[in-house]
S.K.: 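Questions regarding the structure given below will be posed in turn.
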Amino acid sequence: MSANKIQHKVNHVALVVDCSGSMRPHQSQLIQVVDEFVAGLKAESDSLGHETRISLYSFDHTVENLVWDMDVKHLPSMRGLYQVNNGATALIEASLKSLDDLGHIWEEYGEHSFLQIVVTDGEENASGGDRRHDGDMAILGPWLDKITAKMRGLPGHWTSAILVPNSLAKRTAQNYGFPAGNIAIWDADSQKGVEEAIGTVRAAATSFLRGREQGVRGTKNLFAVGQDISVDDVRANLEPIPADKYRLLKVDKEVEIRPFVNSHPGVTYERGSCYYQLGARAQVQQNKEVIVVEKDTDRAYTGDAARSLLFGTDVQGTVSVKAGNNPKLEVYVQSRSVNRKLKPKTRLLIML
């Protein structure tokens, strides 16, 4: 065997999108933002030197493959491919089919990883047959068994994630076997919500590809940020903030941001000057600045490249994220709210 053999990284991404009747108001925008998502995959793959291949599925009460394992560099627009129908929602069947299909890919050569992302605005009501009218849910039982078994049996280099419309749907997705850290909630009732959903997916896919560079082939915490960057990444790409230009304050109990700041001598609350420590899931709007802090030294860094470093190249709009587990770094997000509730056991960064 040649000692010079190249073991290249190959990423297989399956995007599985709901096309049931309730998605109709979002059809044109969804096409645009999926195209942007694919462009982001291409840019990040080119930057890292990976081969990334994408499959697209749409589903209502039936499941259709639109694109199969195509190099992202050659993927046409979703326009003309994605079409909203009047059907119900075969969520389990679509999730299973895309996973089963990916399972046929030969992995003998190269270092392969698999990422499935499902986007839905409703809950399961059609797998195994169209039950829109008769309401018979008895047939669903075997499908529940199938998906929970499939999720339990996924190899470590497989990642399965889903975007759902509300907390009830999130609990249902967890019951199916989707890891809690791989479930995100999106606003399915607004045009803006579609853009935010794909922005979230794009940021997650970027994090997934970058994690591959660190040797991570699969994750149960996909919709988190910061876990895949190093102190060297931060120092090389971001600008240090002079130590006399900011303060870090420890938060001991849940408290509103303005009275908390004003209770400390030498500082006064001003809108836009405060940055809360990212913890649980938060909506980070496009106009919000982010700061990264070294835990050991409390040195802070920011700059135009900060959002790209955390969320991915050219990710636009609002992203729904939570903090990843990084032993060396903390992420802080700008707040312009006068009554934001700060969480205990976090810190607040104030620009002076």
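Side-chain atoms are counted along with the backbone in the values below, which use heavy atoms only and exclude waters and symmetry mates.
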S.K.: Where do Tyr109 and Val10 land on the side chain to side chain contact (heavy atoms under 4.5 Å, CB included) test, with the steps shown first?
M.R.: CA-CA 10 Å; Tyr109 305 118; Val10 188; over 6 Å; no
S.K.: Determine the minimum heavy-atom distance between Gln334 and Asn287, stating which atoms define it.
M.R.: OE1-O, 3.8 Å
S.K.: Within the side chain of Asp71, is there an N or O that forms a donor-acceptor pair under 3.5 Å with the backbone of His74?
M.R.: no
S.K.: Give a yes or no answer on whether the side chain of Ser207 reaches the backbone of Ala203 with a donor-acceptor pair at less than 3.5 Å.
M.R.: no
S.K.: With rounding to the nearest 0.5 angstrom, report the SG to CG distance, Cys274 to Leu342.
M.R.: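 Here the rounded value is 8.5 Å.
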S.K.: Do Val194 and Trp186 come close enough that some side-chain heavy atom pair is under 4.5 Å?
M.R.: yes
S.K.: Step through the shown structure and confirm whether more than 12 heavy atoms of other residues, nucleotides or ligands are within 6.0 Å of NZ on Lys220.
M.R.: no
S.K.: Between the side chains of Arg347 and Glu330, is the shortest nitrogen-to-carboxylate-oxygen separation below 4.0 Å, so that they form an ion pair?
M.R.: yes
S.K.: Does a donor on one side chain sit under 3.5 Å from an acceptor on the other, for Asp100 and Ser98?
M.R.: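 No - no donor-acceptor pair under 3.5 Å links their side chains.
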S.K.: May I ask you to check whether Asn11 and Ser113 show a side-chain donor-acceptor distance below 3.5 Å?
M.R.: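 Short answer, no.
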S.K.: Treat each ILVMFWY residue as a node, draw an edge where side-chain heavy atoms are under 4.5 Å apart, and state whether Phe59 and Leu96 are in one component.
M.R.: yes
S.K.: For Lys288, look at atom NZ and say whether over 12 heavy atoms of other residues, nucleotides or ligands are found less than 6.0 Å away.
M.R.: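 Yes, enclosed.
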S.K.: Side chains of Tyr176 and Gln174: is there a donor and an acceptor less than 3.5 Å apart?
M.R.: no
S.K.: Considering residues, nucleotides and ligands other than Arg336, do more than 12 of their heavy atoms fall under 6.0 Å from its CZ?
M.R.: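 For Arg336, atom CZ is crowded (more than 12 foreign heavy atoms under 6.0 Å).
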S.K.: Between Glu123 and Thr89, is there a side-chain heavy-atom distance shorter than 4.5 Å?
M.R.: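 Of all side-chain heavy-atom pairs linking Glu123 with Thr89, none is under 4.5 Å.
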S.K.: Please confirm whether the backbone N or O of Ser127 pairs with a side-chain atom of Glu124, one donor and one acceptor, at under 3.5 Å?
M.R.: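 Checking the backbone N and O of Ser127 against the side chain of Glu124, a donor-acceptor pair under 3.5 Å is found.
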S.K.: For Tyr269 versus Ser337, what's the shortest heavy-atom pair and its separation?
M.R.: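 Here Tyr269 and Ser337 meet closest at OH-O, 2.8 Å.
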S.K.: Could you give the distance from CG (Leu163) to NZ (Lys170), rounded to the nearest 0.5 Å?
M.R.: 11.0 Å
S.K.: Would you say the side chain of Glu111 lies within less than 4.5 Å of the side chain of Arg212, judging by non-hydrogen atoms?
M.R.: yes
S.K.: Looking at Asp46 and Lys73, does any basic side-chain N land under 4.0 Å from a carboxylate oxygen?
M.R.: yes
S.K.: Ile54 versus Asp69: any side-chain heavy-atom pair under 4.5 Å?
M.R.: no
S.K.: Would you find more than 12 non-hydrogen atoms of other residues, nucleotides or ligands less than 6.0 Å from Asp304 atom CG?
M.R.: no
S.K.: Give the minimum heavy-atom separation between Gly87 and Ser20, together with the two atoms involved.
M.R.: O-CB, 3.3 Å
S.K.: Atom OG1 of Thr200 and atom CD1 of Ile185: how far apart are they, to the nearest 0.5 Å?
M.R.: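 Answer for the OG1-CD1 pair, Thr200 versus Ile185, is 11.5 Å.
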S.K.: Could you tell me if the side chain of Val164 sits less than 4.5 Å from the side chain of Thr120, heavy atoms only?
M.R.: yes
S.K.: Any donor-acceptor pair under 3.5 Å linking the side-chain atoms of Asp232 with those of Ser230?
M.R.: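 The criterion, which ignores hydrogens and geometry beyond distance, is not satisfied for Asp232 and Ser230.
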S.K.: So how far is it from Leu30 CG to Asp121 CG, rounded to the nearest 0.5 Å?
M.R.: 10.0 Å
S.K.: With no hydrogens and no angle check, just 3.5 Å: does a side-chain donor-acceptor pair link Asn175 and Thr172?
M.R.: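 Per modelled atom types, Asn175 and Thr172 side chains form no pair under 3.5 Å.
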S.K.: Side chains of Glu44 and His50: is there a donor and an acceptor less than 3.5 Å apart?
M.R.: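 Distance-only check fails for Glu44 and His50.
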S.K.: Closest approach of Ser160 and Pro179, non-hydrogen atoms and distance?
M.R.: O-CD, 3.8 Å
S.K.: Looking at Phe208 and Leu222, what are the two nearest heavy atoms and their distance?
M.R.: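 Minimum heavy-atom separation between Phe208 and Leu222: CB-CD1, 4.0 Å.
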S.K.: Only one of Val67, Val16, Val13, Asn65 clears side-chain contact (heavy atoms from CB on, under 4.5 Å) with Leu56; which?
M.R.: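 When Val67, Val16, Val13, Asn65 are each tested with Leu56, the side-chain contact (heavy atoms from CB on, under 4.5 Å) holds only for Val67.
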S.K.: Checking side-chain polar atoms at under 3.5 Å, does Tyr275 have a donor or acceptor matched by the opposite partner on Glu289?
M.R.: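 Looking only at side-chain atoms, Glu289 and Tyr275 do form a donor-acceptor pair, the distance falling under 3.5 Å.
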S.K.: Measure the spacing between CG of Leu154 and CD of Gln116 and express it to the nearest 0.5 Å.
M.R.: 8.0 Å
S.K.: Any link between Leu329 and Tyr332 through a network of hydrophobic side chains (Ile, Leu, Val, Met, Phe, Trp, Tyr) touching at under 4.5 Å?
M.R.: no
S.K.: Taking a hydrophobic cluster as the set of Ile, Leu, Val, Met, Phe, Trp and Tyr residues connected by side-chain heavy atoms closer than 4.5 Å, whether directly or through intermediates, do Leu352 and Val293 fall within one such cluster?
M.R.: no
S.K.: Determine whether Ser77 and Asp35 satisfy the following criterion, side chain to side chain donor-acceptor pair (under 3.5 Å), listing intermediate values before the conclusion.
M.R.: CA-CA 6 Å; Ser77 170; Asp35 287 352; 2.6 Å; yes
S.K.: List the atom pairs, with distances to 0.1 Å, where a side-chain N or O of residues 247-260 and a protein N or O form a donor-acceptor pair under 3.5 Å, not counting sequence neighbours.
M.R.:
from   : atom 1 : to     : atom 2 : distance (Å)
Arg247 : NH1    : Pro265 : O      : 3.1
Glu254 : OE1    : Lys343 : NZ     : 3.3

S.K.: Calculate, to the nearest 0.5 Å, the distance between atoms CD and SG belonging to Gln27 and Cys19 respectively.
M.R.: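 So the gap between those two atoms works out to 9.0 Å.
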S.K.: With hydrophobic residues grouped by side-chain heavy-atom distances under 4.5 Å, do Tyr276 and Val290 end up in a single group?
M.R.: yes
S.K.: Side chains of Asp298 and Glu294, heavy atoms from C-beta outward: is any pair under 4.5 Å?
M.R.: no
S.K.: Can a donor-acceptor pair be found, under 3.5 Å and without considering hydrogens, that links the side chain of Thr159 to the backbone of Thr219?
M.R.: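 Yes, the answer is positive, given that a donor and an acceptor are paired below the 3.5 Å cut-off.
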S.K.: Is there a side-chain contact between Leu115 and Trp158, using heavy atoms and a 4.5 Å cut-off?
M.R.: no
S.K.: Examine the side chains of Arg24 and Asn86 and answer whether a donor and an acceptor come within less than 3.5 Å of each other.
M.R.: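 Yes, Asn86 and Arg24 have a side-chain donor paired with an acceptor closer than 3.5 Å.
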S.K.: Considering only heavy atoms from C-beta outward, does the side chain of Arg307 approach that of Val284 to under 4.5 Å?
M.R.: yes
S.K.: Using modelled atom types and a 3.5 Å cut-off, is there a donor and acceptor pairing between side-chain atoms of Thr206 and backbone atoms of Arg202?
M.R.: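 Yes, because the side chain of Thr206 sits within donor-acceptor range (under 3.5 Å) of the backbone of Arg202.
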S.K.: Tell me whether the centres of the aromatic rings in His112 and His157 are closer together than 6.0 Å.
M.R.: no
S.K.: When clusters are formed by joining ILVMFWY residues with side-chain heavy atoms under 4.5 Å apart, either directly or through shared neighbours, do Leu41 and Leu66 land in the same one?
M.R.: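 Yes.
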S.K.: Working note: Gln83 + Ser58, criterion side chain to side chain contact (heavy atoms under 4.5 Å, CB included); need CA distance, chi angles, decisive distance, verdict.
M.R.: CA-CA 8 Å; Gln83 180 69 46; Ser58 65; over 6 Å; no
S.K.: Determine whether Tyr57 and Val63 satisfy the following criterion, side chain to side chain contact (heavy atoms under 4.5 Å, CB included), listing intermediate values before the conclusion.
M.R.: CA-CA 7 Å; Tyr57 292 81; Val63 185; 4.2 Å; yes
S.K.: Could you tell me which non-hydrogen atom of Phe178 sits nearest to which non-hydrogen atom of Val118, and how far apart they are?
M.R.: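 What the structure gives for the nearest pair is CZ-CG2, 4.4 Å.
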S.K.: Can you see whether Tyr301 has Arg235 sitting over its ring - NZ or CZ less than 6.0 Å from the centre and within 45° of the normal?
M.R.: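 That pair does not qualify as a cation-pi contact.
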S.K.: Does the side chain to side chain contact (heavy atoms under 4.5 Å, CB included) test come out yes or no for Ile117 and Ile162, once each step is laid out?
M.R.: CA-CA 5 Å; Ile117 301 178; Ile162 188 169; over 6 Å; no
